Amino acid sequence: MPILSSSLARIKPSPTIAVTNLARELQAQGRDVIGLGAGEPDFDTPEHVKEAAIAAIRGGQTKYTAVDGTPALKQAIAAKFARENGIGYRTDEITVGTGGKQVLYNALMATLEPGDEVVIPAPYWVSYPEMVLLCDGEPVSVACSQNNGFKMRPEDLDAAITPKTKWLIFNSPSNPTGAAYNKDEIKALTDVLVRHPHVWLMTDDMYEHLVYDDFRFSTIAQVEPRLYERTLTVNGCSKAYCMTGWRIGYAGGPKALIKAMGAVQSNSTANPCSISQAAAIEALNGPQDFIPKNNAKFKERRDLVVDALNRVPGLHCPRPEGAFYVYPSCAGLIGKKTPDGKIIESDEDFVRYLLEAEGVAVVHGTAFGLAPHFRISYATSNEELEDACARIDRACRALT
């Protein structure tokens, strides 16, 4: 009898984590590698947040907490939703998990039956379809082409919905493209969803504060109150607050769903780290002035990378509205030959060539459900980005 569950055969390890680990391994071996695969800010956690954590340790806040978050953190989250999104969630309609990924997984585990379908616009974060598969659901990918700004059109959403559809997972600004939906674009999608009352909405707002060029963020329950009772609004502290390693994600949603998600968590990890929760309270309630400062730097980096890549023969790089990723097309390089005679037949071939030839680690677009593209995280220094873009340019010009 095999020891491993058959459900594991349905999923793949995270390609983004794999690329990051490979870059680290090569660096440890002495290779000169620039890793542009990691989805985390390179800025340090703000000092006032770190000090709150230190105070919590010294104050003895080192015991178990309520399974899905302390009352104080839930109050801070409720205040955040009201202040920044105009959504009213009570504390019993809020859950806190060990990162946004756990919150998403808890919701899917608590709701999916075998054969239930989950609509996922592509390109998508690599873990969405894998989590659906692990929970016995069926991911339904909706291709959102570069010609449409990597955004899902209302008619595409309507065509993807069937009687088996349980959820739509909606991520704006997007990982991996940085594409962000404005209020009118969201309203066009919610008009479709209002006509399908059996479909629930899972909004991943993790990059909410990372937007540029006067873009104004909106979330689904804010734009269409009629969907409030079947929307799970997911967010966290990782990106805007530079707290990736602290592992705090949270969500607001209907009380019955939140309670069910708490039951899943109570039998898996139980409570998130008590110290991280104390830090998250300060992150949400404390000074926010570092966010626009970080965003100004991210915008500078975005423009640096977009401008540089669009000078490279065979590449085309749209300028995204948010997050800290670009998602260039390498369609112009497919079919070309490397200096050692290998044919570039896919975006996976191209990123492997980049790593081998120039030591630049990026993630192939096939992993995100839309090829031929690749994702670059520009959450690193200007100097490193300039070096990486010069290497990419050199590698592309060497193709024939």
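Fair warning: this is a prediction, and the values are worked out from it, not measured in the lab.
Under the side-chain contact (heavy atoms from CB on, under 4.5 Å) rule, D387 has a single partner from R391, E383, E384, which is R391.
Here the side chains of I161 and R195 are not in contact, with every heavy-atom distance at 4.5 Å or above. Within the 4.5 Å cutoff, no side-chain heavy atoms of F290 are placed close to those of E47. Between V351 and L355, the closest side-chain pair of non-hydrogen atoms is not below 4.5 Å. Residues C273 and T98 form no side-chain contact, since every pair of their non-hydrogen atoms from C-beta on lies 4.5 Å or further apart. Put simply, the side chain of P123 does not reach to within 4.5 Å of the side chain of Y325, judged on heavy atoms. The side-chain heavy atoms of L315 and I392, taken from C-beta on, include a pair separated by under 4.5 Å. You'll find the side chain of R247 stays beyond 4.5 Å of the side chain of P272, heavy atoms only. No side-chain heavy atom of M202 sits less than 4.5 Å from a side-chain heavy atom of V118.
Criterion: ILVMFWY side-chain heavy atoms under 4.5 Å apart, direct or through other members. Under it, V67 and I281 are not part of a common hydrophobic cluster. Using a 4.5 Å cut-off between side-chain heavy atoms of Ile, Leu, Val, Met, Phe, Trp and Tyr, with links allowed through other members, L354 and V326 fall into the same hydrophobic cluster. The same ILVMFWY cluster, assembled from side-chain heavy atoms under 4.5 Å apart, contains both Y228 and I77. In the hydrophobic clustering of this structure, V194 groups with L201; members are Ile, Leu, Val, Met, Phe, Trp, Tyr whose side-chain heavy atoms approach within less than 4.5 Å, directly or through other members. The hydrophobic clustering, which links ILVMFWY residues whose side-chain heavy atoms are closer than 4.5 Å, places V132 and L232 together.
Side chain to side chain, W200 and T111 fail the donor-acceptor criterion of an N or O pair below 3.5 Å. With hydrogens and angles left out, the side-chain atoms of E84 and H209 include a donor and acceptor closer than 3.5 Å. Remark: the Y250 side chain and the Y89 side chain contain no N/O donor-acceptor pair separated by less than 3.5 Å. Checking H196 against D158 by side-chain atom types alone, a donor-acceptor pair falls below 3.5 Å. N106 and Q265 share a donor-acceptor pair across their side chains, judged by distance under 3.5 Å alone. Remark: the K80 side chain and the N85 side chain contain an N/O donor-acceptor pair separated by less than 3.5 Å. Side chains of N147 and S145: no donor on one and acceptor on the other come within 3.5 Å. Side chains of D347 and T366: a donor-acceptor N/O pair is present below 3.5 angstrom, by distance only. In this model, a donor atom of one side chain and an acceptor atom of the other lie less than 3.5 Å apart for R375 and N175. Defined by atom type and a distance below 3.5 Å, a donor-acceptor pair is present between the side-chain atoms of D204 and Y128.
Annotation: R216, atom CZ; neighbour count of heavy atoms from other residues, nucleotides and ligands within 6.0 Å does not exceed 12. Heavy-atom contacts from other residues, nucleotides or ligands closer than 6.0 Å to CD of E155 number more than 12.
Taking all atoms of both residues into account, the shortest heavy-atom contact from I57 to I275 is CG1-CD1, 3.6 Å. Nearest heavy-atom pair, C242 versus N294, reported as atom, atom and distance to 0.1 Å: SG-ND2, 3.7 Å. A388 and V360 make their closest contact through O-CG2, 4.1 Å (heavy atoms, listed as atom of the first residue, atom of the second, distance). For A323 against P173, the heavy-atom pair with the smallest separation is N-CB, 3.8 Å. Across P328 and L309, no two heavy atoms sit closer than the pair CG-CD1, 3.7 Å. The two atoms that bring Q222 and S218 nearest to each other are OE1-CA, 3.5 Å, heavy atoms only.
Here the side chain of T165 pairs a donor or acceptor atom with the backbone of T162 at under 3.5 angstrom. Looking at E386, its side chain never comes within 3.5 Å of a backbone N or O of V305 through a donor-acceptor pair. Here the side chain of E93 pairs a donor or acceptor atom with the backbone of R90 at under 3.5 angstrom. Side chain of Y353 to backbone of A395: a donor-acceptor contact under 3.5 angstrom is found.
Atom CD of E117 and atom CG of L112 lie 11.0 Å apart (nearest 0.5 Å). Here N285 contributes atom CG and R83 contributes atom CZ; the two are 6.5 Å apart, rounded to the nearest 0.5 Å. Here K336 contributes atom NZ and F350 contributes atom CZ; the two are 11.5 Å apart, rounded to the nearest 0.5 Å.
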Walk me through it: do K74 and D68 pass the test salt bridge (charged side-chain N to carboxylate O under 4.0 Å, His left out)? CA-CA 9 Å; K74 288 188 175 186; D68 63 346; 3.0 Å; yes

Determine, step by step, whether I258 and I94 satisfy the side chain to side chain contact (heavy atoms under 4.5 Å, CB included) criterion, reporting the C-alpha distance in whole Å, the side-chain angles of both residues, the deciding distance to 0.1 Å, and the verdict. CA-CA 7 Å; I258 295 298; I94 290 171; 5.9 Å; no

Test side chain to side chain contact (heavy atoms under 4.5 Å, CB included) on M261 and L257 and set out the steps. CA-CA 6 Å; M261 292 168 62; L257 174 60; 3.9 Å; yes

Checking I120 against S141 for the side chain to side chain contact (heavy atoms under 4.5 Å, CB included) test, could you report, in this order, the C-alpha distance in whole Å, the side-chain angles of both residues, the deciding distance, and whether it holds? CA-CA 5 Å; I120 307 173; S141 176; 5.6 Å; no

Evaluate side chain to side chain contact (heavy atoms under 4.5 Å, CB included) for D116 paired with W167, printing each intermediate quantity in order. CA-CA 9 Å; D116 283 347; W167 288 98; over 6 Å; no

Q146 and S329: side chain to side chain donor-acceptor pair (under 3.5 Å), yes or no, with the steps? CA-CA 8 Å; Q146 182 176 290; S329 168; 4.6 Å; no

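In this structure, Y378 and Y212 have tilted ring planes: the angle between them lies in the 30° to 60° band.
Note: Y207 and F217 fail the aromatic proximity criterion, with ring centroids not under 6.0 Å apart. Between F170 and Y181, a ring centre-to-centre spacing shorter than 6.0 Å is recorded.
A salt bridge is absent between R319 and D213: the closest approach of a Lys/Arg side-chain nitrogen to an acidic carboxylate oxygen does not fall below 4.0 angstrom. Between D191 and K187 there is a salt bridge, with a side-chain nitrogen of the basic residue lying less than 4.0 Å from a carboxylate oxygen of the acidic one. Look at R311 and D307 and you find no salt bridge, because none of the NZ, NE, NH1 or NH2 atoms lies under 4.0 Å from a carboxylate O.
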